[in-house]
> 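Handing you a structure now.
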Amino acid sequence: MVQESKKTMIAFSEEYILQLPEKHPFPIQKYKLIPEKLLEDNVIKLDNFFAPQKIDLSIVELTHSKDYINRLINLELSYQEIRKIGFPLSKELIDRELIITQGTLDCCFFAMKNDISFNIAGGTHHAYRDSGSGFCILNDIAVATNYLLKNSYVQKVLIVDLDVHQGNGNAKIFEHNENVFTFSMHGEKNFPLKKEVSNLDIPLPDKTSDKIYLELLKENLPKIINDFKPDFIFYISGVDILEGDKFGRISVSKEGCQLRDRYVFETAKKYNLPVTVVMGGGYSKDINQIVDAHCNTYKVAKSIFQ
Ligand SMILES: [Zn+2]
């Protein structure tokens, strides 16, 4: 019998790349540069990509309120709500968000089949049920998680959020859901100012280095898996933990960041857990550094899963 070869699937759509006003702090070009570099460096092939469609609103409604969704779609959010999100609101931006969210959901099914999948976007962990914030409009992981749980595709979901910012949206959305475990390691002085309570929060002091960071990760991740026994993992692989990041306040090196990714992937593999990776943030001054750091996550995954 010929074994079906496993292939990592990567969500990417041209619509992930949007024109933002000049000097906008969000490095949206990375969504164009990352797939280009992955292809150029021969990490993946063109047929690893798929282009997601816009998600059905009935799926979004399992997580976000109808009122928020309607006002969002009709471009009726208030000035304050838009300011909190941080993007100039437009139809294209909303469409982009709906496509990214479907990308994360599609990725889950690919991960269940092929062990791992990536969305070249996503990890919009600051979005709440009724509001967006911090460059996040819809919470892609929450939307995918609620859909998978409701339809019994999975029973217990672990969200490993290693972006430098706390996963406040997921913490709040799932605070009373015992089938979801939210784990967040983040800069204690980073946005958001008011943190929510995750199942496990590890706040890190300014300038936290590789050694402390990796020790804490290795101490806690296997313990969570052994106690909670998830059957699916989301991994937010933000690279804003890097030293020199414009927003991040901790000081992990590029090598440390790769060791972080390696540890998460090796652990997922060891426990035979499918993992969907979403990108999260990265705000180094040099866009090439951001792109390199994100591409390293794919390279590390390839070295483990192939
Ligand atoms: Zn972040």
Side-chain angles (χ1 to χ4, degrees), residues 16 20 24-31 33-34 83-87 96-97 100-101 103-104 118-128 131-142 159-174 182-196 198 200-208 210 213 216-217 234-254 256-258 260-261 264 276-287 289-298:
Y16 285 10
L20 287 176
H24 192 283
F26 191 75
I28 204 150
Q29 324 87 284
K30 80 178 180 184
Y31 301 103
L33 298 172
I34 290 166
R83 237 187 94 164
K84 237 180 99 188
I85 290 171
F87 288 131
R96 173 182 189 266
E97 199 74 5
I100 287 173
T101 306
T104 296
F118 287 80
N119 194 350
I120 298 205
T124 41
H125 57 171
H126 300 311
Y128 285 81
S131 63
S133 79
F135 305 141
C136 303
I137 304 171
L138 298 174
N139 192 319
D140 63 326
I141 287 183
I159 301 171
V160 177
D161 190 339
L162 301 185
D163 188 276
V164 84
H165 302 99
Q166 197 217 18
N168 56 337
N170 287 316
K172 186 70 185 169
I173 289 170
F174 294 116
T182 50
F183 169 41
S184 178
M185 283 177 63
H186 49 264
E188 65 180 347
K189 290 192 183 151
N190 266 119
F191 176 89
L193 210 60
K194 178 186 168 291
K195 311 280 192 285
E196 302 291 347
S198 310
L200 180 62
D201 284 303
I202 301 188
L204 304 162
D206 286 359
K207 305 258 175 239
T208 296
D210 291 8
Y213 188 93
L216 284 166
L217 176 63
F234 284 102
Y235 174 33
I236 306 185
S237 61
V239 296
D240 42 13
I241 61 167
L242 287 176
E243 183 166 30
D245 188 88
K246 272 191 289 183
F247 296 153
R249 299 177 67 106
I250 69 171
S251 301
V252 173
S253 71
K254 220 169 170 174
C257 198
Q258 281 171 285
R260 171 197 73 167
D261 294 340
V264 173
T276 284
V277 188
V278 292
M279 295 188 59
Y283 309 94
S284 296
K285 284 183 198 87
D286 178 0
I287 183 81
Q289 267 205 34
I290 304 175
V291 172
D292 274 358
H294 280 303
C295 287
N296 283 339
T297 303
Y298 293 80

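Order of appearance sets the numbers: ligands from 1, and atoms from 1 within every ligand.
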> Between His24 and Phe87, what is the ring plane arrangement, given parallel below 30°, perpendicular above 60°, and tilted in between?
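Geometry flag for Phe87 against His24: parallel rings.
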> Could you walk me through whether Lys246 and Asp240 pass the salt bridge (charged side-chain N to carboxylate O under 4.0 Å, His left out) check?
CA-CA 8 Å; Lys246 272 191 289 183; Asp240 42 13; over 6 Å; no
> For the Zn ion (ligand 1), find the closest N/O/S atom on Asp163 and give its atom name.
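Result for Asp163 and the Zn ion (ligand 1): OD1.
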> So does His165 have any N/O/S atom less than 2.8 Å away from the Zn ion (ligand 1)?
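An N, O or S atom of His165 is closer than 2.8 Å to the Zn ion (ligand 1), so yes.
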> Assess the side chains of Asp161 and His125: does a donor N or O sit below 3.5 Å from an acceptor N or O?
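Yes - a donor-acceptor pair under 3.5 Å links their side chains.
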> Hey, are Gln166 and Asn190 close enough side-chain-wise for a donor-acceptor pair under 3.5 Å?
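The answer is no; no qualifying pair exists.
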> Looking only at N, O or S atoms, find the one in Asp240 nearest to the Zn ion (ligand 1) and name it.
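In Asp240, the heteroatom (N, O or S) nearest the Zn ion (ligand 1) is OD2.
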